[in-house]
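Notes follow the structure.
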Amino acid sequence: MMTLEQQFAKITARRVDLYSAEELKTRLAKSVAEKKPLRIKMGADPSAPDLHLGHCVALNKLRDFQDCGHTVVFIIGDFTGMIGDPSGKSATRPQLSREKVLENAKSYQDQMFKILDPARTEVHFNSEWFGAMTFDKVIRLSAHVTVAQLLARDDFSKRYAANQPISLVEFLYPLVQAYDSVMVRADVEIGGTDQLFNLLLGREIQKVHGQEPQIVMTMPLLEGLDGVNKMSKSLGNYIAVNDSPKDTFGKTMSVSDDLMWRYFSLVLCMPEEEIAALKAAVASGARHPRDVKDELGRRIVEKFHGAAAGTEASAEFARVFSQNQLPAEMAEVVVPAGKIGILTLMVKAGLAASTSEARRLVQAGAVRVGDDKVSDVRLEIEPENGVVIRSGKRGFAKIRVG
RNA sequence: GGUGGGGUAGCGAAGUGGCCAACCGCAUCAGACUGUAAAUCUGACCUCUAUGAGUUCGAAGGUUCGAAUCCUUCCCCCACCA
């Protein structure tokens with residue numbers, strides 16, 4: 001059994017904001033005294049079914065709470081998902097059908113239980129309460145928030161100042177999220193730093209409903225593979241939980257040296273002292289950054305795919321990229337016997353999206369048949385069984401004649 | 001409802017009758033260098049039966065030898081005023 005101090009330390013590690021430390025201590029003490037786990041809320045939007053490492057930052061935190069005996073209350077925003085959230089730019093998100101939302105939610109749960117303990121997780125759909133909510137209640141709820149309050153939110157004020165559109169729906173979203181907290185009687189809510197406003201509004205709305213306000217904790221936003229923007233699906237700079245071990249490892253290796261420490265901390269939850277020690281080892285030359293990153297990649301793969309997969313992905317990577325050999329497995333493409341143009345062949349093999357692209361790749365010197373570099377776009381070959389077409393560093397296809 | 005501004009390739013943004021498949025930036029892809037690092041440099045970046053052809057600049061019509069550029073109608077977006 002952990003002491004209160006230990007719990008507090010574990011629970012607040014890596015966090016950015018915390019409102020407030022005192023409240024959290026008090027409530028933890030109460031929880032211990034009454035032997036009643038705290039309810040830790042987090043919400044998610046089911047519009048995209050893929051979780052990525054960015055989501056794992058908060059999920060890891062939830063897991064910390066579970067390890068201390070608390071209950072995670074996970075809210076799937078199916079109701080809001082069906083309305084279509086226009087957040088961010090003016091592009092309104094497509095509305096999702098009921099079926100699609102459920103399907104996404106299902107896949108979501110499969111992925112999140114790679115980190116969370118299902119025995120200590122409650123899952124709710126917010127359509128449970130919003131589906132039946134009448135409009136007079138909605139209006140009454142909105143009465144608790146002023147436009148000035150909403151405009152205080154960073155991204156709203158920026159967009160307003162820049163004459164960029166803000167949909168009324170977006171204004172309503174924080175309120176919706178806040179009301180979720182009321183409905184599940186959240187003790188703590190976790191989110192990314194960009195969620196701070198919404199989380200804090202939850203406190204206000206809970207007070208209005210006579211509840212003790214939730215404690216709010218935000219987690220850092222993990223930078224994506226580009227090293228600049230936060231990891232997100234729309235920017236394509238992400239490592240998905242469901243990526244293959246090979247991809248997960250490869251993408252990890254493309255993270256910059258400077259950024260990899262964040263991944264150690266936020267994805268693997270490595271304690272700060274250990275990270276500091278690793279950094280020191282790299283700085284002194286005792287360890288090569290590449291090897292440290294290899295370890296990072298291996299451990300991330302292990303987290304989602306098991307120990308064997310990590311070692312294997314690392315070995316495969318070394319084989320293909322360090323030693324420039326062929327991968328152990330590659331896509332097979334069946335082509336009819338006889339002569340075929342190289343461009344056509346590449347498109348058929350999925351190595352290029354169009355013949356124009358295939359042409360460019362050939363002209364750039366990126367294409368090989370077997371070991372021979374192809375430089376003539378009009379080359380016709382008569383492929384042999386098992387010959388490998390390579391396009392760039394990552395494109396491989398094995399040909400089968402048939 | 002009124003006034004003004006606007007819709008150009010993944011994004012941002014030039015271009016306002018021929019030199020426009022459309023400057024430039026970002027993103028992306030490839031090559032060099034490497035640790036698939038990062039950074040940097042170079043090239044490419046609508047499609048095709050490919051030194052040519054075909055489709056693009058919100059949509060549809062029209063004027064013209066010729067339109068992303070001019071005209072008409074329509075659709076959509078934004079701000080301000082009410």
Side-chain angles (χ1 to χ4, degrees), chain A residues 86 88-93 151 156 158-170 223-239 243-264 279 281-283 285 287-298 300-301 313-327 339-348 350-368 373-380 389-396:
Chain A
K89 307 201 171 160
S90 56
T92 306
R93 282 192 202 168
L151 278 175
F156 283 157
K158 275 189 193 139
R159 280 158 64 192
Y160 191 70
N163 278 356
Q164 278 172 354
I166 301 171
S167 153
L168 189 54
V169 177
E170 291 181 80
E223 290 82 359
L225 302 176
D226 55 32
V228 179
N229 298 301
K230 77 165 180 171
M231 187 175 283
S232 82
K233 184 157 184 175
S234 54
L235 291 174
N237 61 353
Y238 66 100
I239 300 177
D243 272 345
S244 67
K246 195 179 104 195
D247 284 344
T248 301
F249 191 89
K251 286 181 184 179
T252 304
M253 291 305 278
S254 79
V255 166
S256 75
D257 288 1
D258 291 338
L259 186 58
M260 72 171 162
W261 309 112
R262 300 267 289 168
Y263 282 60
F264 271 110
K279 271 188 191 174
V282 168
R287 291 198 65 181
H288 193 286
R290 203 212 88 97
D291 295 333
V292 175
K293 206 182 290 174
D294 179 85
E295 183 183 334
L296 175 69
R298 240 176 19 237
I300 292 177
V301 172
S314 168
E316 171 85 352
F317 183 86
R319 185 161 59 237
V320 176
F321 296 108
S322 303
Q323 292 158 39
N324 209 22
Q325 292 176 7
L326 295 175
K339 276 183 179 277
I340 185 167
I342 182 68
L343 302 183
T344 314
L345 182 58
M346 286 181 64
V347 172
K348 272 194 196 305
L351 296 174
S354 64
T355 52
S356 294
E357 186 178 314
R359 176 182 300 265
R360 279 176 227 131
L361 288 165
V362 169
Q363 283 166 345
V367 178
R368 289 172 192 222
K373 185 183 266 192
V374 178
S375 51
D376 177 8
V377 295
R378 277 174 305 187
L379 178 73
E380 294 207 326
I389 312 291
R390 306 175 62 160
S391 162
K393 292 172 200 161
R394 277 172 276 183
F396 298 93

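Within every chain, numbering begins at 1; the chains are lettered A, B, ... in the order of the sequence lines, protein sequences first and strands thereafter.
- Partners of A:K293 according to the salt bridge (Lys or Arg N to Asp or Glu O under 4.0 Å) rule, which considers only residues two or more places apart in sequence or in another chain, are A:D257.
- Searching all strands for a Watson-Crick or G-U wobble partner of B:rG1 with both distances below 3.5 Å returns B:rC81.
- The base of B:rG35 has none of its N or O atoms less than 3.5 Å from a complementary donor or acceptor on the side chain of A:D294.
- Remark: the A:R378 side chain and the B:rA50 base include no donor-acceptor N/O pair separated by less than 3.5 Å.
- Residue A:V377 is classed as having no contact, given no heavy-atom separation below 4.0 Å to the nucleic acid.
- At the phosphate of B:rA38, neither OP1 nor OP2 sits under 4.0 Å from any side-chain N or O atom of A:R290.
- Not counting sequence neighbours, the partners of A:N229 by the side chain to side chain donor-acceptor pair (under 3.5 Å) test are A:D226.
- At the phosphate of B:rA39, neither OP1 nor OP2 sits under 4.0 Å from any side-chain N or O atom of A:S256.
- Using a 4.5 Å heavy-atom cutoff, the side chains of A:T252 and A:F317 are not in contact.
- For B:rU47 and B:rU63, the C1' atoms lie 30 Å apart once the distance is rounded to whole Å.
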Polar pairs (N or O, both sides) under 3.5 Å between protein and nucleotides 21-30 of chain B?
none

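- Annotation: side chain of A:L326 is not in contact with side chain of A:V320 (no heavy-atom distance under 4.5 Å).
- Contacts of A:R390 classified as salt bridge (Lys or Arg N to Asp or Glu O under 4.0 Å), with partners at least two apart in sequence or in another chain: none.
- Positionally, the nearest nucleotide of RNA chain B for A:S254 lies more toward the 5' end than for the other of A:S254 and A:S354.
- Position along RNA chain B of the nearest nucleotide to A:M253 versus A:K373 favours A:K373 as the more 5'-ward residue.
- In this structure, B:rU40 and B:rA32 make a Watson-Crick or G-U wobble pair, each of the two defining distances being under 3.5 angstrom.
- By the side chain to side chain donor-acceptor pair (under 3.5 Å) test, A:R394 is found to be paired with no residue, residues two or more places apart in sequence or in another chain being considered.
- Residue A:T355 has its side chain nearest to B:rU49 when only B:rG35, B:rU47, B:rU49 are considered.
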Name the atoms and distances for all side-chain donor-acceptor pairs under 3.5 Å in residues 350-364 of chain A, with sequence neighbours left out.
| residue | atom | partner | partner atom | Å |
| --- | --- | --- | --- | --- |
| A:S354 | OG | A:S356 | N | 3.4 |
| A:S354 | OG | A:E357 | N | 3.1 |

